[in-house]
Amino acid sequence: MDDDHAILISSHITTDLEHIADHIVCIDEGRIVFDISKDGICDTAGIARCRAEEVDAVVGSKLTGTDKHVSHGAFSTDVLVPDRVAFAREFPDVTLDRTTIEEYMALMLKGDAR
């Protein structure tokens, strides 16, 4: 690894990025949506899969970050969680999954921002 050099890869194939990228920058309509390390997405962040009765407490928590990214599904409401470990300590009964670059990107781009 050489800190003086980098390779820029532009791809919509997020599974490839999970294998080769160290850092992910998402640009949408000329605007940087997020700029984060791959580990920050795949190892640190998570997705809380909330039941209806859990949504208000989870979305109202400081552990979901300042910009809330939420997606409403048929059976659960997904909430992007910046720090999966801290969130799990505070909400042990809420289903929490690791996130992929694709899921992270979908919530950031298409999820409701609150």
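Numbering starts at 1 and runs along the sequence shown. Atoms considered below: every heavy atom in the structure, side chains included; atoms not considered: hydrogens, waters and symmetry mates.
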*Report, as yes or no, whether the 6.0 Å neighbourhood of atom CD1 on Ile7 holds more than 12 heavy atoms from other residues, nucleotides or ligands.*
no
*Quick one: do Val33 and Ile41 end up in the same hydrophobic cluster if we chain Ile, Leu, Val, Met, Phe, Trp and Tyr together by side-chain heavy atoms under 4.5 Å apart?*
yes
_Shortest non-hydrogen contact from Ala45 toward Arg84_ = O-NH1, 3.0 Å
*Below 4.5 Å, heavy atoms only, C-beta onward: do Leu63 and Asp83 meet side chain to side chain?*
no
*Are Tyr104 and Thr14 side-chain neighbours, meaning at least one heavy-atom pair lies under 4.5 Å?*
no
*asked:* Please tell me whether Leu80 and Val55 are part of a single hydrophobic cluster in this structure, the criterion being side-chain heavy atoms less than 4.5 Å apart.
replied: no
*Asp35 vs His23 side-chain heavy atoms within contact, under 4.5 Å*: yes
*With rounding to the nearest 0.5 Å, note down the distance linking CG in Asp93 to SG in Cys50.*
12.0 Å
*Matching residue for Phe34 among Leu109, Val25, Ile24 - test: side chain to side chain contact (heavy atoms under 4.5 Å, CB included)*: Ile24
*Between Asp43 and Arg98, is the closest basic N to carboxylate O distance under 4.0 Å?*
yes
*Take atom CD in Glu18; do more than 12 heavy atoms of anything else shown fall under 6.0 Å from it?*
yes
_Non-hydrogen side-chain atoms of Glu103 and Leu107 separated by less than 4.5 Å_ = no
*For the hydrophobic clusters of this structure (ILVMFWY residues joined by side-chain heavy atoms under 4.5 Å, transitively), does one cluster hold both Val70 and Val94?*
yes
*Report the residue from Asp78, Thr95, Thr77 that forms a side chain to side chain donor-acceptor pair (under 3.5 Å) with Arg49.*
Asp78
*Side chains of Lys38 and Ile101: does their closest heavy-atom pair fall under 4.5 Å?*
yes
*Side-chain heavy atoms of Val81 within contact of Phe91, under 4.5 Å*: no
*For the atom pair CE (Met105) and CG (Asp28), what is the distance rounded to the nearest 0.5 Å?*
10.0 Å
*Please round to the nearest 0.5 Å and tell me the distance separating atom CD1 of Ile47 and atom CG of Asp97.*
7.0 Å
*What pair of heavy atoms forms the shortest contact from Thr15 to His19, and how long is it?*
O-CD2, 2.9 Å
